[in-house]
Amino acid sequence: SQTIHQWPATLVQPVGSPLSLECTVEGTSNPNLYWYRQAAGRGLQLLFYSVGIGQISSEVPQNLSASRPQDRQFILSSKKLLLSDSGFYLCAWTSPEGMSGNTIYFGEGSWLTVV
Amino acid sequence: GESVGLHLPTLSVQEGDNSIINCAYSNSASDYFIWYKQESGKGPQFIIDIRSNMDKRQGQRVTVLLNKTVKHLSLQIAATQPGDSAVYFCAERKDYKLSFGAGTTVTVRA
């Protein structure tokens, strides 16, 4: 069966420090991968998605970036964190067919607090 | 911005009663809809989905209804249990993108 791992689960970072959140998927090949952010009491905002290695689409302008160095690895990064980057970050995947009828499955999330 | 919204941010329901959670969406081109349940501090958990060529789908204790005429989606939970307390999100999918509403917090009263 497929599983998704996301880490770290929680972190507290000072303003201006770098960020790296990692996500890996097991049990599938060539998945579509996603990064979402959820502010407290809000819905999920799509940040990035990737349909293949080296293929990254950004949904919103921000000081975050994403990379996909391997087929089943998706990394969310920042060179300098802002206070507004605080939130709950979720990695997700869907099957490579990726179109209607295939749901998206989420990891357990990473809580980021920028102080 | 978000294209999917929920009618009510909170819902309080007596244990054993049926719950109905509503959602309005705006993108008529969306062809797939999903309900998720999110417990505190965890990632969203898939509940049930429905394609746009359907108007009803049933799962275990849950039913999703889709009314494309008025762009309305609902989730019905039968015999609500304390473990159903969570935030519920509807989402619409178009191609690779899944867009979420703000969520409805369901509280089950004993």
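These values consider heavy atoms only, across backbone and side chains, with no hydrogens, waters or symmetry-generated copies. None of these values were measured; they are calculated from a predicted model. Letters A, B, ... are given to chains in the order of the sequence lines, protein chains preceding strands, and every chain is numbered from 1.
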Interface residues of residues 107-115 of chain A facing chain B - heavy atom cut-off under 4.5 Å: A/Gly107, A/Glu108, A/Trp111
Common cluster, A/Leu19/A/Ile56, ILVMFWY with side-chain heavy-atom separation under 4.5 Å: yes
Beyond-backbone contact of B/Lys42 with A/Leu90, side-chain heavy atoms, under 4.5 angstrom: no
With sequence neighbours excluded, residues passing ring-ring contact (aromatic ring centres under 6.0 Å, His included) with A/Tyr36: A/Phe106, B/Phe100
All salt bridge (charged side-chain N to carboxylate O under 4.0 Å, His left out) counterparts of B/Arg109, not counting sequence neighbours: none
In one Ile/Leu/Val/Met/Phe/Trp/Tyr side-chain cluster, 4.5 Å: A/Tyr34, B/Phe46: yes
Interface moiety of A/Gln38 toward chain B, non-hydrogen atoms closer than 4.5 Å: side chain
same_hphob_cluster(B/Val13, B/Ile47) at 4.5 Å side-chain heavy-atom cutoff: yes
Shared hydrophobic cluster, A/Ile53 / A/Tyr49 (ILVMFWY, side-chain heavy atoms < 4.5 Å): no
Note, B/Tyr36 side chain near A/Ile104 side chain (heavy atom, < 4.5 Å): yes
Interatomic distance, A/Gln45 atom CD to B/Ser99 atom OG [nearest 0.5 angstrom]: 10.5 Å
Which atoms of B/Gln38 approach chain A - backbone, side chain, both or neither, heavy atom under 4.5 Å: side chain
Single-linkage hydrophobic cluster, 4.5 Å side-chain cutoff, B/Leu11 and B/Trp35 together: yes
Those residues of residues 64-88 of chain A, ordered by number, that approach chain B below 4.5 Å (heavy atom to heavy atom): A/Phe88
